[in-house]
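Chain A is the first sequence line, chain B the second, and so forth, proteins listed ahead of strands; every chain is numbered from 1. Heavy-atom basis, side chains included; hydrogens, waters and symmetry copies ignored. Keep in mind it's a predicted model, so treat the numbers as computed, not measured.
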Number of protein chains: 2
Amino acid sequence: MLSRQRIIEVATSILDSDGLDALSTRRLASELGVSAPSLYNHFGTKEEILDGIADQIVAQVDLTVLDGTDWPQALIAWARGYRRALAAHPNAVPFLARGPRLRPAALALADAVYGKLTEAGWPPGYATRIGAAMRYLVAGSALGSFAQGFVDDPSVYADRYPHLRDAHRLREHRQRVDDGAFELALSTLVGGFEALYPTVRHT
Amino acid sequence: MLSRQRIIEVATSILDSDGLDALSTRRLASELGVSAPSLYNHFGTKEEILDGIADQIVAQVDLTVLDGTDWPQALIAWARGYRRALAAHPNAVPFLARGPRLRPAALALADAVYGKLTEAGWPPGYATRIGAAMRYLVAGSALGSFAQGFVDDPSVYADRYPHLRDAHRLREHRQRVDDGAFELALSTLVGGFEALYPTVRHT
DNA sequence: GTCTATATGATGATAGAC
DNA sequence: GTCTATCATCATATAGAC
């Protein structure tokens, strides 16, 4: 028995493991144990399926962490959850980064963080730019591993790229490097916003 | 007369205007005034063409701005140029974000900024994370416009997303919003790194 | 709601003539 | 170095039986 929910779940797992190109209606139907045309009883087009995947991923972000604490702590907790949700599905990030458009979960996410900032006293222009800056950081870090992008062979770097002499080791420490870079950027950004806050705050 | 250079130029313009899916060997050949198989005299596979596009884009980043100035100014100028090069080809960003791998221009870029930071006294671990953090910001901001991602229709936001009441105006000010968010993040990040610098510097 | 059968067209890549 | 012809495969989507 097919349902929108089951189709989206299996489609997401194909997207995660083999990329957007691998997500064909045939492959999807086959892994669901049905034939391809059956999908069209639940979705009008393949595009609708992709929208379903996207909204489901963003819906995983816990927005309640924005409540009951000051804006800097809230922003940090929200950004971590946002990154965690996106980094679990890197192949979906280019699609997600096209903006909330009409997807409910993405609109709710944007609304929540913007509301938290303006209610804390940030002028609208700043709240917008802070929200955008955070999305840049989250999307950029979830799009693909920095450390993984280097090759595992020392001879590539020797001679021609002297400063990258130890870059082949990055892959071993992949997660520590990526998490560390994100946390460094996050704490630096939010710390900087806190320093800026008293000069622009309006009540 | 075909050449690798001409093929890459036309392929890039198709990628920019119509996306990765539109970049087929037939379309590419047709715009070059040749037939599809002729491309295979210059590239072994389509994948090689994509690598050529990627390296050409990264080669546009001016690395000389890293010389002759202190590391904070250098980092800011480099990041602006890096973003400018990527934002001119947003459809290529997901591909570029997979890392330098074996592409010469991307390796030279990573080598240059890492070298600048370590020579300025940043410990290797910090230089790596700063480089990664900058790439997150640049890639995230070049991947797609934040402001463009909202819909141009006020009725979408009313009621359900009260804080986004004015979000439909974002599109008018698209470039100002995106540039402003990037510049805010950039100056905040580099300012924060400057504050951190004296506590970790080694000579 | 799911199926079989099929329409219709694109894709990357190769063989072999010129 | 470019061409024509073609291979093998894949795609999304529809019609109509059960």
Could you tell me how far apart [X] ([atom1]) and [N] ([atom2]) are, to the nearest whole angstrom?
X	N	atom1	atom2	answer
B/K46	C/dT14	NZ	C1'	17 Å
B/E48	C/dG12	CD	C1'	14 Å
A/L2	C/dG1	CG	C1'	9 Å
A/F43	D/dT12	CZ	P	14 Å
A/Y40	D/dT14	OH	C1'	10 Å
A/E47	D/dA11	CD	C1'	15 Å
A/I49	D/dT12	CD1	P	9 Å
A/L20	C/dT11	CG	P	16 Å

TODO: Please state whether the phosphate of C/dG1, meaning OP1 or OP2, lies under 4.0 angstrom from any side-chain nitrogen or oxygen of A/S38.
DONE: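 It does not, given that no N or O in the side chain of A/S38 lies less than 4.0 Å from OP1 or OP2 of C/dG1.
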Open item on the list: Taking 4.0 Å as the cut-off, does a side-chain nitrogen or oxygen of B/T25 come that near to OP1 or OP2 on C/dG12?
Closed with: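 True: B/T25 side-chain N/O within range (under 4.0 Å) of C/dG12 OP1/OP2.
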TODO: Over 60° means perpendicular and under 30° means parallel, so classify the ring planes of A/W122 and A/Y197, tilted if in between.
DONE: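 Taking A/W122 first and then A/Y197, their aromatic rings sit tilted (interplane angle of 30° to 60°).
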TODO: Would you mind classifying the nucleic acid contact of A/S35 as base, sugar-phosphate or nothing, using non-hydrogen atoms under 4.0 angstrom?
DONE: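 Answer is base: heavy atoms of A/S35 come under 4.0 Å of a base.
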Open item on the list: Quick one about B/E119 and A/H163 (side-chain donor to acceptor, distance below 3.5 Å, no hydrogens or angles considered), yes or no?
Closed with: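 Distance-only check passes for A/H163 and B/E119.
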When you check the gap from the basic side-chain N to the acidic O, do [X] and [Y] get nearer than 4.0 Å?
X	Y	value
A/R101	A/D51	no
A/D152	A/R169	no
B/R129	A/E183	no

Task: Nearest listed nucleotide, side chain of A/N41, among C/dT11, C/dG1, C/dC3 - done: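 Closest nucleotide to the A/N41 side chain: C/dG1.
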Task: Distance-only donor-acceptor test (3.5 Å): side chain A/R26, base D/dA11 - done: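 Result: at least one qualifying N/O pair found.
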Open item on the list: On DNA chain D, compare the nucleotides closest to A/D21 and A/P37; which residue's is nearer the 5' end?
Closed with: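 Its nucleotide being nearer the 5' end, the pick is A/D21.
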